[in-house]
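We use all heavy atoms of the structure for the numbers below, so side chains are in, but hydrogens, waters and symmetry mates are not. Protein chains get the first letters and strands the later ones, always in sequence-line order, with residue 1 at the start of each.
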Amino acid sequence: MAEEVSRKTPEQRAGMSDLERLRHSCAHVLATAILKLWPEAQFAAGPPVEAGFYYDLELGRRISPEDFEQIEAEMKKTVKENQTFERVPVSRDEALKLAEEGRLAALGPRGEPSKFKLDILRGIPEGEEITLYRNGDFLDLCAGPHVMRTGNIGAFKLTSVASAYYKGDERNPQLQRVYGTAFKTRAELDAHFAMLEEAKKRDHRKLGKELELFFFDAEDVGPGLPLWLPNGTVLIEELEKLAKETEFRGGYQRVRTPHLARESLYITSGHLPYYKESMFPPMEFSEDAAGDPVKYYLKAMNCPHHHKLFGAVPRSYRDLPLRLAEYGTCYRYEQSGELFGLMRVRSMQMNDAHIYCTREQFEAEFNAVNELYLKYFKIFGLDKYLMRFSTHDPARLGEKFVDEPELWRETEEMVRNVLVKSGIAFVEIPNEAAFYGPNIDVQVWSAIGREFTIATNQVDFSVPKRFGLKYKTSDGGFDTPLCIHRAPLGTHERFIGFLIEHFAGAFPVWLAPEQVRVLPISEKHAAYARQVTAALRKEEIRATCDESPDKIGAKIRLAQIEKVSYMLVLGAREEAADLVAVRSRKLGDEGALSAGEFLARLKREIANREL
RNA sequence: GCCGACGUAGCUCAGCUGGUAGAGCAGCUGAUUCGUAAUCAGCAGGUCACGAGUUCGAAUCUCGUCGUCGGCUCCA
């Protein structure tokens, strides 16, 4: 996205890795091939991306995956010819002339100007060097860098075709985007696709079905509205338990609020009309004798309700910081094309809390929230994530960002301090903050490589004012609190979607829907097995007993496939000695223990939330 | 919402250029009572997403609707 909206700096270009150069070069080879087949194609941008490259183009005919074979064959020819990538510096006038003649991103002169290249050219600031790159007959406006020769592209493959707006803007024409990937060697390419196959096995949508965690009934319940099966509900409840324990210790108080509210609440909060597109349409009816219509909206966020709770009672500085927490259910009308398994849904439960505090308390509170994040990430063994610190753009105060220059400066400085002090790696992105304050998002990647915000921590110094929230200060006056919105566990839907992929469905025992399955070897030991199962369940261990007439091998296989944490194999030997033969999903046969010893170990693992 | 692909039993999939549906697993029933990843046999399961159209005849061709997926814009 950034590739086409903002141009890369010369430093970024110089820093492009060998693989990125190779892929970018492959994009040129792709364009060369497409032009041989359809000379009228108009090209826009063709950068390397995380898993490969793409080139955007406009063409009267639709390119479909069935065309890939033909395109790849042409690409192979170009690679085989081992053409040199020649860097051609030109003056602005020369470049403009070539674009007018349709010779950019083309194999030769054409009747039509290279319209997208012309547009890109006009966007290049005065004084910046303009370069073209040539391989064979193909000439393109391009800042490079490239590999030396087309023959350096060892192995490539086209992967998909999609559509994209020119420069990523909905108002611009829609282009066809052909995706591919390339590597130095065939072996690396094969390894890449093997890795993708593996990733598909951890896809939460697949595992959600196999492990009976959740399901969707788009017909009768509605798209993007997940229903949680018993196994998935265990995950939810264990996460809530974790959150409640942690938040209680962190001085949070729990609250509960309804799922909907009248229109006026969202007028006050500013969600209407700015957020209206993302809200379900209102329910409208007349409530009073006068027959005046009233509108109710399903809540898209919990903050307005929480602000009301802050204001419900007179507050003093002695009450601050006030931390209100709720696993609130929100509803957002996400665009149909956006829905994606559990990762983007229309009903979601947020690990939400709002911390109302003074400016003096802010840094300590924000730091505490940050530490909470790290604590959680450690529990889940989450190490591949990116902290994204979004700040405002002073040039857009009063337009995109509330006009409080001093507060912006102050809070951003405090947030930055917290991040730097904690030693967490983060990237700072200007102009990306919410209108009411800076925020930190935690980015993670799904099994198939899509990026998501898993958690968020936002500063709000604007909305409390809109709600007229006040507390009595020590000198007898009134002040408006700052507010921190935080959701370190994000929403149940997305967080669990992420956890399913993170653990590939094999949850640590504290989270596992089924912690123990007792497997009697034959019917003769069913009574003993039931007794052991009952003893475990009495201790609130999620244990079941498999009394099917299957052989022990089949029972074990099923338990392994269903990713049960522990299996207890019970036969004549165990029954005689009052033991249980422990088999863990991870390590296999671990030998016999007394039921009491096994239970003690299990309870310790659960209490410590061991991975 | 936009562009494209796809939609066959609970799941994974077969069904060639139109001749009114098939497998494996899961399920149910019966037999088997077995020591660390699959015991055997039988039975049952589908308005081929939905609705129109073309045709003597549609899972198969056309159009529309809905949904899912891959992207784009957007977000937890």
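The side chain of A:Q174 lies closest to B:rC3, out of B:rU73, B:rA76, B:rC3. Comparing atom distances between the A:Q335 side chain and each of B:rG1, B:rA37, B:rU12 picks out B:rG1 as nearest. Of all nucleotides listed (B:rC11, B:rG70, B:rG67), B:rG67 comes nearest to the side chain of A:A218. Proximity note for A:Y179 (side chain, C-beta onward) versus B:rA76, B:rC72, B:rG70: the nearest is B:rC72. The side chain of A:R557 sits closest to B:rA37 out of B:rA37, B:rG70, B:rC72.
For the atom pair CD (A:E590) and OG (A:S584), the distance works out to 4.0 Å, reported to the nearest 0.5 Å.
With ring centers used as reference points, A:H24 lies 6.0 Å or more from A:F53. Aromatic pair A:Y566/A:F598: ring centres closer than 6.0 Å. Aromatic pair A:F43/A:F116: centroids not less than 6.0 angstrom apart. Ring pair A:F401/A:F435: centre-to-centre distance not below 6.0 Å. Aromatic pair A:F461/A:Y436: ring centres not closer than 6.0 Å.
Looking at heavy-atom distances under 4.0 Å, A:E493 makes no contact with the nucleic acid at all. Among the heavy atoms of the strands lying under 4.0 Å from A:M348 is at least one base atom, whether or not backbone atoms are also near. Residue A:T491 is in base contact, counting any heavy-atom pair closer than 4.0 Å across all strands shown. Using a 4.0 Å heavy-atom distance criterion, A:A554 is classed as a sugar-phosphate-only contact. Looking at heavy-atom distances under 4.0 Å, A:L339 makes contact with sugar-phosphate atoms alone, never a base. Here A:G328 lies out of heavy-atom contact (under 4.0 Å) with every strand.
A:D203 has its CG atom 15 Å from the C1' atom of B:rU12, to the nearest Å. The distance from atom CZ of A:R517 to atom P of B:rA37 is 15 Å, rounded to the nearest whole Å. Going from atom CG of A:L229 over to atom P of B:rG10 covers 15 Å, rounded to whole Å. Taking atom CZ of residue A:R344 and atom C1' of nucleotide B:rC74, one finds them 7 Å apart after rounding to whole Å. As rounded to whole Å, 21 Å separates atom P of B:rC74 from atom NZ of A:K276. Rounding to whole angstrom units, NZ of residue A:K209 and P of B:rC25 are separated by 20 Å. A:D67 has its CG atom 11 Å from the P atom of B:rA5, to the nearest Å. Whole-Å rounding puts the A:F340 CZ to B:rA76 C1' distance at 14 Å.
In this structure, A:E210 pairs ionically with A:K206, as a charged nitrogen and a carboxylate oxygen lie closer than 4.0 Å. Salt bridge absent: A:R23 and A:E20 never bring a charged side-chain N and a carboxylate O closer than 4.0 Å. Here A:R344 does not pair with A:E493 in a salt bridge; the nearest charged N to carboxylate O distance is not below 4.0 Å. Under 4.0 Å is where a charged nitrogen must lie from a carboxylate oxygen, and between A:E605 and A:R601 at least one such pair does. Salt-bridge check for A:K209 with A:E212: failed, with every basic side-chain N at 4.0 Å or more from each acidic carboxylate O. A salt bridge links A:R517 to A:E562: one of the charged nitrogens lies within less than 4.0 Å of a carboxylate oxygen.
Scanning atom types as modelled, no donor and acceptor separated by under 3.5 angstrom connect the side chain of A:T453 and the base of B:rA76. No hydrogens or angles were tested; on distance alone, a donor-acceptor pair under 3.5 Å links the side chain of A:E338 to the base of B:rC72. In terms of polar N and O atoms assigned as donor or acceptor, the side chain of A:R494 comes within less than 3.5 Å of the base of B:rC75 in a complementary pairing. Judged by atom type and distance alone, A:S160 does not reach the base of B:rG70 through any side-chain donor-acceptor pair under 3.5 Å.
Here the separation of B:rA14 from B:rC2, taken at their C1' atoms, is 34 Å to the nearest Å. Here the separation of B:rG24 from B:rU8, taken at their C1' atoms, is 15 Å to the nearest Å. B:rC48 sits 10 Å from B:rG7 when the C1' atoms are compared, rounded to a whole Å. Distance noted for atom P between B:rU17 and B:rC6: 14 Å (whole Å). B:rA41 sits 13 Å from B:rA26 when the P atoms are compared, rounded to a whole Å. When the C1' atom is compared between B:rU68 and B:rC28, the two are found 31 Å apart, to the nearest whole Å. Taking the C1' atom of each, B:rU29 and B:rG15 are spaced 30 Å apart, rounded to whole Å. Look at the C1' atom in both B:rC50 and B:rA59: the space between them is 14 Å, to the nearest Å.
For the pair A:E210 and A:G490, nearest-nucleotide mapping onto RNA chain B gives the more 5' position to A:E210. Mapped onto RNA chain B by nearest heavy atom, A:G224 and A:A162 fall at different nucleotides, with A:G224 at the one closer to the 5' end.
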Scan nucleotides 47-52 of chain B against the protein and return all N/O pairs shorter than 3.5 Å with their distances rounded to 0.1 Å.
none

So which protein nitrogen or oxygen atoms get under 3.5 Å of nucleotides 30-36 of chain B's nitrogens or oxygens?
from: B:rU33; atom 1: O2; to: A:E523; atom 2: N; distance (Å): 2.8
from: B:rU33; atom 1: O4; to: A:E523; atom 2: OE2; distance (Å): 2.8
from: B:rC34; atom 1: OP2; to: A:K524; atom 2: NZ; distance (Å): 2.6
from: B:rC34; atom 1: N4; to: A:P549; atom 2: O; distance (Å): 2.7
from: B:rG35; atom 1: O6; to: A:A572; atom 2: N; distance (Å): 3.0
from: B:rG35; atom 1: O6; to: A:R573; atom 2: N; distance (Å): 3.0
from: B:rG35; atom 1: N1; to: A:E574; atom 2: OE1; distance (Å): 2.9
from: B:rG35; atom 1: N1; to: A:E574; atom 2: OE2; distance (Å): 3.4
from: B:rG35; atom 1: N2; to: A:E574; atom 2: OE1; distance (Å): 3.3
from: B:rG35; atom 1: N2; to: A:E574; atom 2: OE2; distance (Å): 2.6
from: B:rU36; atom 1: O2'; to: A:R583; atom 2: NH1; distance (Å): 3.2
from: B:rU36; atom 1: O2; to: A:R583; atom 2: NH1; distance (Å): 3.3

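For B:rG45, the base is syn relative to its sugar; the glycosidic angle is within 90° of 0.
Secondary structure note: stems in RNA chain B built from 3 or more consecutive Watson-Crick or G-U wobble pairs under 3.5 Å occupy B:1-7 with B:66-72, B:10-13 with B:22-25, B:27-31 with B:39-43, B:49-53 with B:61-65.
The closest side-chain heavy-atom distance from A:N431 to A:R396 is below 4.5 Å.
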Report the C-alpha separation of A:D550 and A:K555 in whole Å, then their side-chain angles, then the decisive distance to 0.1 Å, and conclude whether the salt bridge (Lys or Arg N to Asp or Glu O under 4.0 Å) test is met. CA-CA 6 Å; A:D550 287 335; A:K555 291 185 186 185; over 6 Å; no

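Proximity of A:R332 to the phosphate of B:rC75: no side-chain N or O atom is located under 4.0 Å from OP1 or OP2. Close to B:rA76, at under 4.0 Å from its OP1 or OP2, lies a side-chain N or O of A:Q458.
A cation-pi contact links A:R346 to A:Y333, judged by a cut-off of 6.0 Å to the six-membered ring centre and 45° from its axis.
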